[in-house]
Amino acid sequence: MAVACMMCAGQMNAQEKKYPEPAQMSPEMTEFWTPQRKVVTPGDIKTNTAPSDAIVLFDGKDLSAWTNDNGSGDAPWTVKGGVITVKPGSGSIVTKQKFKNFQLHIEWSVPKGMEGESQGRGNSGVFLQDKYEVQILDCYKNETYINGMTGSIYKQTPPLVNAMRPQGEWNVYDIIFTAPIFKEDGTFLYRPFVTVIQNGIVLQNHTEILGTTEYIGHPQVTPHEEGPIRLQDHGNPIQFRNIWIRPM
Ligand code: MG
C-alpha cells in the first residue's frame, strides 16, 4: 500500500513540473545561402578543354609547365600532334608548380604494338607530390603483381578492378588527393588519401597512403611541404595528353 502511494506521488510531480519544449524547427533554419559558390565552367571532353578554374599542365602545345628530372632544365620528352611521348632514358618530367590538395586529370595511352610482359609493358606512373606513385601500366591482357597494376598505389594497394583500354586507345585518370599533415617529430598526423578513377571506374576509393611508394622495401615516411607532379620514364614510350589540375 505504501509503495503504491509513493508511485502516485511521483506521477503527480512529473505532471506538475514543466520543462522547456525544443523550439519548433522551420525548413529555413537549416538552409544557408552565403557565401554563394564560385561558378566553374566545365571542360569539354570532345575538345580536350579543362574546367575554367583549372591550372593547365599540358594543352597540346608544349612542356612549358614542366622541367627535366632534377629541375635543372627543360623537359626532354617529345611533343607532337598535341601529344607528349616519353623519351626513354631521358628521365622523368616534373611540374614547375607544387601542389597540396588537388584534383588531377590526365589522359594516357599505350601505343599499338608495344611488347613485353608484366611490369615491362607500358610502364610509367604519376607521382603525387613527387612521392606517391599511382601506377601506369599496360594491364590489358597482361598480368602482374596486383599491387603493381595500373591504378595501384605502387606496392601498397591494388586497384579494385582492371579497367584498361587496349593499346592505341586513350585512358583517362581522375585523381583526387588529400595531402598528409605531419607532426613535429616527422611522423604522420594524418596520412595522405587518394581516390583514383580510370575511364569512369573507381580503382581507389579514398585509399590511405602508407608512405612513399618504394620499389624495394617498405613505405617511408618523409615529412614534406607541397610537391610537384612527376611523370615517370620507365623506358616505355607512353603517351599523355590533356593534363590539368585543380588545387582544392
Ligand atoms: Mg611505374
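For this chain, numbers begin at 1 and follow the sequence in order. Note that ligands are numbered from 1 as they come in the structure, with each ligand's atoms numbered from 1 the same way. Source: prediction; values computed, not measured.
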Under 4.0 Å between a side-chain nitrogen and a carboxylate oxygen: does that hold for E226 and K100?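 Between K100 and E226 there is no salt bridge, as every charged N stays at least 4.0 Å from the carboxylate O atoms.
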
Discussion item. Between K61 and D59, does any side-chain N to carboxylate O distance fall below 4.0 Å?
Written reply: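 D59 and K61: salt-bridged.
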
>> W108 and ring-ring contact (aromatic ring centres under 6.0 Å, His included): which single residue from F240, Y173, F58 fits?
In response: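 Among the candidates, only Y173 passes.
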
OD1 (N123) to the Mg ion (ligand 1) to O (S124), nearest 10°, is 80°

The angle formed at the Mg ion (ligand 1) by OE1 of Q135 and OE1 of Q232 is about (to 10 degrees) 150°

Among N, O or S atoms, E133 approaches the Mg ion (ligand 1) most closely through OE2

- Message: Tell me whether the rings of F193 and H206 are parallel (<30°), tilted (30 to 60°) or perpendicular (>60°).
- Response: parallel

